[in-house]
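The basis for the numbers below is simple: all heavy atoms, side chains too, and nothing from hydrogens, waters or symmetry mates. Letters go in sequence order (proteins before strands), and every chain restarts at 1.
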Amino acid sequence: MGFERFDPTLAGHDLVQDLKWDKKLREQFQRDEKSVLDRYPLRPEERRAIEARDFRALYDLGFHPYLGGQLSRLIYGNDAGGGALIANKKLVESLQGKS
Amino acid sequence: MAQIVYAAGVPHAPAIVGLIDKVSPESQRVVRDIFGGVRRELDEARPDVLIVFANDHLTNSRILQYPDFLIGMAAEHRGPHEWFKPWIGCRDYAVKGDPAVAEALFRGMSKRGIRMFGERGNLNYDDNISVPSVLLDLDHSSMHVVPVLQNCTVPPFPDQHRCYAIGQAVADFVRNDLPATMRVGLIASGGLSHEPGGARYFFIDEKFDRWFLDLCVEGNHRRLLDELTIEHMEAAGSGGTAELLAWVVVMGAIGERRGRSYGYTICTDFRCGIGAVSWGVGNYH
């Protein structure tokens with residue numbers, strides 16, 4: 001894993017930050033993900049990876065793993081022992097090529 | 001001359017709050033021993049202000065504008081930030097800040113050639129400040145808190161040598177810039193091995209953790225600086241373990257001295273090795 005491919009210029013990093021900081025945006029993301037993704041200058045392959053929940057592809061593009069973990073929680077759930085655990089497992093499965 | 005009267009490194013894994021009831025009695029005991037013991041030592045040391053160094057975890061700044069050190073200058077620090085609350089599973093808290101010490105720290109670092117950033121409003125706190133605040137009951141104490149959130153995860157970030165030098169500058173700042181009677185405590189919040197967001201999310205490197213804790217107890221800082229490289233920490237958990245650099249800042253501030261370990265526990269639910277070290281109570285100068 002590591003930071004060998006890390007690309008700080010990926011716009012998806014701002015997407016995750018804004019979703020954390022803005023509850024209304026988060027609610028919109030849950031209702032209508034496409035309309036939120038449209039707001040960000042995501043590279044086509046970056047957007048495809050987010051839409052496909054393909055964290056392996058996203059990390060290969062240079063996504064920061066810490067924000068990748070948070071994106072997984074924004075998608076699958078964020079509560080201790082419940083949604084966050086599912087999010088962790090989904091993330092690891094994707095990164096290990098098991099999903 | 002102001003004094004550093006206490007120093008410790010403690011963990012902040014969110015699960016030690018939110019999932020504590022689900023883990024083994026032994027893991028629960030270690031967490032209780034750590035935070036109960038550190039709180040007792042704090043009560044004995046009676047610091048007026050605690051400067052808490054902790055990984056920012058990309059919680060406050062965009063990745064293209066990321067500060068290496070960010071000082072919380074507010075009169076009160078409230079947390080956890082709304083999005084992190086269910087993840088940590090912790091109560092709301094508000095600890096006393098110290099704008100005067102925070103401003104003095106900013107000035108003191110600037111004049112010593114160290115660029116820090118400051119925020120007068122409430123910063124976003126995740127587990128970094130929230131976990132020690134609630135487990136040490138800092139919101140029910142007379143101690144004031146100055147958080148310093150640190151870049152431990154957005155490359156390139158300050159390595160062990162730079163962090164140690166910053167700790168030495170912090171000690172000089174305490175000695176020379178703060179009011180003569182002020183008593184200062186230093187807390188490093190973070191670690192041990194973990195890989196948040198990585199393919200090894202559930203991996204904990206027990207061998208690394210025990211090696212690091214032993215080194216902290218031994219107090220041999222030449223070995224610490226030679227061996228605690230970013231590469232070494234990354235191998236023990238990428239993107240997470242390097243938050244031990246907050247401990248390096250504190251060890252730079254107090255200089256070589258033996259520490260006391262509060263034990264160690266490994267528990268997959270925590271997704272992080274859990275241990276703590278304190279470096280005693282008393283005048284460090």
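- With a threshold of 4.5 angstrom between heavy atoms, B/Y66 does not approach chain A through any atom at all.
- By number of non-hydrogen pairs under 4.5 angstrom with chain A, the leading residue of B/L19, B/L64, B/T153, B/V154 is B/T153.
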Apply salt bridge (Lys or Arg N to Asp or Glu O under 4.0 Å) to residues A/R48 and A/E51 and explain how you reach the verdict. CA-CA 5 Å; A/R48 277 196 299 275; A/E51 289 173 335; over 6 Å; no

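- B/H232 pairs by the ring-ring contact (aromatic ring centres under 6.0 Å, His included) definition with B/F208, B/W211, not counting sequence neighbours.
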Could you walk me through whether B/R62 and A/D18 pass the salt bridge (Lys or Arg N to Asp or Glu O under 4.0 Å) test, one step at a time? CA-CA 9 Å; B/R62 294 189 187 279; A/D18 289 339; 2.6 Å; yes

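- Using modelled atom types and a 3.5 Å distance limit, the side chains of B/N128 and B/S189 yield no donor-acceptor pair.
- The greatest number of non-hydrogen atom pairs below 4.5 Å with chain B, out of A/V92, A/L85, A/N78, is found for A/N78.
- Using a 3.5 Å distance cut-off with no hydrogens or angles, the side chains of B/R200 and B/S193 do not pair a donor with an acceptor.
- Within the cation-pi definition used here (under 6.0 Å to the ring centroid, within 45° of the axis), B/R115 qualifies as a partner of B/F117.
- In terms of the salt bridge (charged side-chain N to carboxylate O under 4.0 Å, His left out) criterion, A/E93 has no residue partners (sequence neighbours excluded).
- Using a 4.5 Å cut-off between heavy atoms, A/Y66 touches chain B through backbone and side chain atoms alike.
- Using a 4.5 Å cut-off between heavy atoms, B/L58 touches chain A through backbone and side chain atoms alike.
- When each of B/T59, B/D269, B/V17, B/I88 is scored by its heavy-atom pairs under 4.5 Å with chain A, the top score falls to B/T59.
- Contacts with chain B were tallied for A/L19, A/L74, A/V16, A/L71; A/L74 has the most, counting heavy-atom pairs under 4.5 Å.
- In summary, B/K85 and B/D92 engage in a salt bridge, as defined by a charged side-chain N under 4.0 Å from a carboxylate O.
- Applying a 4.5 Å heavy-atom cutoff, the residues of residues 21-40 of chain A that approach chain B are A/W21, A/K23, A/R26.
- A search for ring-ring contact (aromatic ring centres under 6.0 Å, His included) contacts involving B/H12 returns B/H57, not counting sequence neighbours.
- In this structure, the separation between CD on B/Q160 and CG on B/D226 is 8.5 Å, given to the nearest 0.5 Å.
- When each of B/P155, B/G18, B/A235, B/G89 is checked for heavy-atom pairs under 4.5 Å with chain A, B/P155 comes out on top.
- One distance of note links NE2 of B/H194 with CG of B/L244; it measures 8.0 Å at 0.5 Å rounding.
- At a 4.5 Å heavy-atom cutoff, B/P14 makes no contact with chain A through either its backbone or its side chain.
- For the set A/Q17, A/Q70, A/K20, the count of heavy-atom pairs under 4.5 angstrom toward chain B peaks at A/K20.
- Aromatic pair A/H64/A/F3: ring centres closer than 6.0 Å.
- In this structure, chain B has no heavy atom under 4.5 Å from any part of A/L10.
- Contacts between B/N60 and chain A at a heavy-atom distance below 4.5 Å involve the backbone alone (N, CA, C, O).
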